[in-house]
Structures are given as structure tokens and as C-alpha cells.
Peer 1: 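This is the structure I have questions about; it appears just below.
The model shown is predicted, which means the values in this text are computed figures rather than measured ones. Residue numbers start from 1 in every chain, and the chains themselves are labelled A, B, ... in the order their sequence lines are given, proteins ahead of strands.
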Number of protein chains: 2
Amino acid sequence: MSRVHRFRDGMWEDIEIRPYKPDPKDRFRNIARMVLAGDTSEEQIQFQVRYFVIEPGGYSSLERHQHEHVVIVLEGEGEVLLEDQVIPIQPFDLIRIGPWTLHRFRNRSSTERFGFLCVVDRMRDRPQIPSAEEIEELKRDPNLRDIVDPEDSPGSTGE
Amino acid sequence: MSRVHRFRDGMWEDIEIRPYKPDPKDRFRNIARMVLAGDTSEEQIQFQVRYFVIEPGGYSSLERHQHEHVVIVLEGEGEVLLEDQVIPIQPFDLIRIGPWTLHRFRNRSSTERFGFLCVVDRMRDRPQIPSAEEIEELKRDPNLRDIVDPEDSPGSTGE
């Protein structure tokens, strides 16, 4: 099973592009997922390596969980919410997301895609989504309002 | 422990640069190691994310082991030996190295550094080095001679 998967035209040879999440009640937009390693029963590794691509206007689910994320940006310009901070990130920045840290990734560019590797334990808990009440509370902080509710922000196209 | 480590001037904030391997009998050259995740007892993840930088003229140890490598190139132009194939690799190529595959990474550039992420299980076996007899046998293949014994190759500076 040793081999090279070449990166070409924004994807890897023989790695499929998948929907981000199966559950439509998680709020997200313009995001796709590739699993680079750890997806099959033959593989004996204890981790998964995923790649997420967020197109302009897009963002990941606002969530928290016990398991940790190790993220490395490869493409574009984005930002990450880490609990109560919004931090701009760019290629090859490393983002550590520890247990139960509220987080969301968002593309900051209106023209370029934003892509990042995310390594996680293969055995892990399911993400939890904040309640509507918690989201309303977070939106009271002007620094967090846009990333917590991107569709309601001035930059939103309202599509 | 959630935070961003910015990538600047070829390294990450608050991540130290270390020697590649402690054991000088493993043959390698001009290579350094950074551990981006999974190095401390507080971290609960089951994997390690390392970054290896190989300067011009450099190469990693020729080795094989039970545990798997998931490698993603970030910088430069290199090549990888996978058992009996030598494959050129460049940014963001993905290299899967399965159990017991003989492998070595080598920088192909005489001016630029070559760098790659390597994700492994945190609990893993120690690498094994081929015997002198096996190396002599491999060198009989003209395609493998240079990467199996880089110091003996025409491109070597003989330093």
C-alpha cells in the first residue's frame, strides 16, 4: 500500500472529494472534505488525516468536542475562532484546538479558496453544537458576531 | 492549550528545532526535526505530527518498520525511495509508507531546502536499518544506487 498521491489542480490522485458533514442541522457553508489517511479498515493507524477546503463565503460548523484537532493551513487566507478569540491564519500556520474549545474556520478571501489539513484520533467523540441561547450570548461580543453568525454579517451575500 | 503557532522564517513559534536522530550509526545528513504535536504527556492524542527539514545535499535514514508514515510535502523538491522505486515529490504530494516498506527521503535541490510533515502513531516500533549486505545488493540496481548510497554518488560533494 506504499505509494505517492500527487497533488494536482487542488486535489490528490485517487482521493475523493466528499460532503463536509452528513447532518444538515450543523450550520456550515461552501466546505468540502477529503480523507487522506485512516479511512479504511486495512489501515492500522490510530489517526485520520483530513483536508478541508472552504470556498469564498464559506465556513465550518461552530462546534466543540473532547477530541483534539491539529490543523496546518496549506492554502489561502482564513480565520479561526478559538473560544473567544478570532485569529487570522495563513499557510503553514499550526493551530492546536484542545478539548472542549469552541471553534470555527472561515475563509477571509472573496476570491481564493482556503484549505487546511486536520489530524485527529481515529476514535473520537461527536462534535457538540452550541445552543441558540449560547449563540445569542456570543453575538453580543462585537469581535465574535461575524464569525458566530456569518450569514447575518455585513460581508454576507445573503444568497 | 488551544492556540496558533505562526509559521515564520521556516519555523513555527514556540516549536524547537531538534537533531534528527540520537543514534549516529543510522546514516543520514543535513536533516532536522520539529515535533508539532504529540510530544508531551498532557496531550491526549494518539499520534505525533513531525516536520522534517532536509537541506541541500541531505537525506534521511534508510529504514523500514511496522508503523506507517503519512507524509505531506510542504517545501522544495525531493525524492522518496519506496522499496524499489525512486519517486520525485513536490509540495503538497501525499506519500503513504506502509508497514515494512524500505524508504528514504532526499533533497533533490542544490539550493533550496526540502520539508515535509510526517504523521505517525504515538506508540510505534523502532526503525530497522538494512544490513551492509542488503545495501550492497540494492546498489546493484542502477536506479537505486544513488539514493541507497548518496555519499558514493556523482552528485556528492564528498565533504
Peer 1: Which distance, rounded to the nearest 0.5 Å, do you find between the CD1 of A:Ile72 and the CG of B:Leu74?
Peer 2: 7.0 Å
Peer 1: Residues in ring pair (Phe, Tyr, Trp, His ring centres under 6.0 Å) with B:Phe105, at least two apart?
Peer 2: B:Phe116
Peer 1: Starting from B:Leu81 and following side-chain heavy-atom contacts under 4.5 Å between hydrophobic residues (I, L, V, M, F, W, Y), which residues can be reached?
Peer 2: B:Leu62, B:Val86, B:Leu102, B:Ile135, B:Leu138, B:Leu144, B:Ile147, B:Val148
Peer 1: Using only the distance criterion (under 3.5 Å, no hydrogens considered), which donor-acceptor pairs connect chain A with chain B?
Peer 2:
residue  : atom : partner  : partner atom : Å
A:Ser2   : OG   : B:Gly98  : N            : 2.8
A:Ser2   : OG   : B:Thr101 : OG1          : 2.6
A:Arg3   : N    : B:Arg96  : O            : 2.9
A:Arg3   : O    : B:Arg96  : N            : 2.9
A:His5   : N    : B:Leu94  : O            : 2.7
A:His5   : O    : B:Leu94  : N            : 3.0
A:Arg6   : NH1  : B:Pro88  : O            : 3.1
A:Arg6   : NH1  : B:Asp93  : OD2          : 3.2
A:Arg6   : NH2  : B:Pro88  : O            : 3.2
A:Phe7   : N    : B:Asp93  : OD1          : 2.8
A:Trp12  : NE1  : B:Phe92  : O            : 2.7
A:Leu36  : O    : B:Arg96  : NH1          : 3.3
A:Glu43  : OE1  : B:Arg96  : NH1          : 3.1
A:Glu43  : OE1  : B:Arg96  : NH2          : 2.7
A:Gln44  : N    : B:Glu68  : OE2          : 3.4
A:Gln44  : OE1  : B:Gln66  : NE2          : 3.4
A:Gln46  : N    : B:Asp121 : OD1          : 2.7
A:Gln66  : NE2  : B:Gln44  : OE1          : 3.4
A:Glu68  : OE2  : B:Gln44  : N            : 3.4
A:Pro88  : O    : B:Arg6   : NH1          : 3.1
A:Pro88  : O    : B:Arg6   : NH2          : 3.2
A:Phe92  : O    : B:Trp12  : NE1          : 2.7
A:Asp93  : OD1  : B:Phe7   : N            : 2.8
A:Asp93  : OD2  : B:Arg6   : NH1          : 3.2
A:Leu94  : N    : B:His5   : O            : 3.0
A:Leu94  : O    : B:His5   : N            : 2.7
A:Arg96  : N    : B:Arg3   : O            : 2.9
A:Arg96  : O    : B:Arg3   : N            : 2.9
A:Arg96  : NH1  : B:Leu36  : O            : 3.4
A:Arg96  : NH1  : B:Glu43  : OE1          : 3.1
A:Arg96  : NH2  : B:Glu43  : OE1          : 2.7
A:Gly98  : N    : B:Ser2   : OG           : 2.8
A:Thr101 : OG1  : B:Ser2   : OG           : 2.6
A:Asp121 : OD1  : B:Gln46  : N            : 2.7

Peer 1: Heavy-atom cut-off 4.5 Å, strictly under: side chain, backbone, both or neither for B:Val49 against chain A?
Peer 2: side chain
Peer 1: So which part of A:Val71 gets closer than 4.5 Å to some heavy atom of chain B, the side chain, the backbone, both or neither?
Peer 2: neither
Peer 1: Is there a path of hydrophobic side-chain contacts, each under 4.5 Å between heavy atoms, that joins A:Met1 and B:Ile97?
Peer 2: no
Peer 1: Among the options A:Ile89, A:Ile95, A:Val73, pick out the one with the most heavy-atom pairs lying under 4.5 Å from chain B.
Peer 2: A:Ile95
Peer 1: Supply the atom-to-atom distance A:Leu117 CG to A:Phe52 CZ, rounded to the nearest 0.5 angstrom.
Peer 2: 10.0 Å
Peer 1: If you round to the nearest 0.5 Å, how far is CZ of A:Phe47 from CZ of B:Phe47?
Peer 2: 8.5 Å
Peer 1: Which atoms of A:Val4 come close to chain B, meaning under 4.5 Å heavy atom to heavy atom: side chain ones, backbone ones, both, or neither?
Peer 2: both
Peer 1: Where do A:Gly76 and A:Pro91 come nearest, in terms of heavy atoms and distance?
Peer 2: O-CD, 3.1 Å
Peer 1: Considering only heavy atoms, which portion of B:Ile45 lies under 4.5 Å from any heavy atom of chain A: side chain, backbone, both, or neither?
Peer 2: both
Peer 1: Apart from A:Val35 itself, what residues make up its hydrophobic cluster, given side-chain heavy atom links below 4.5 Å?
Peer 2: none
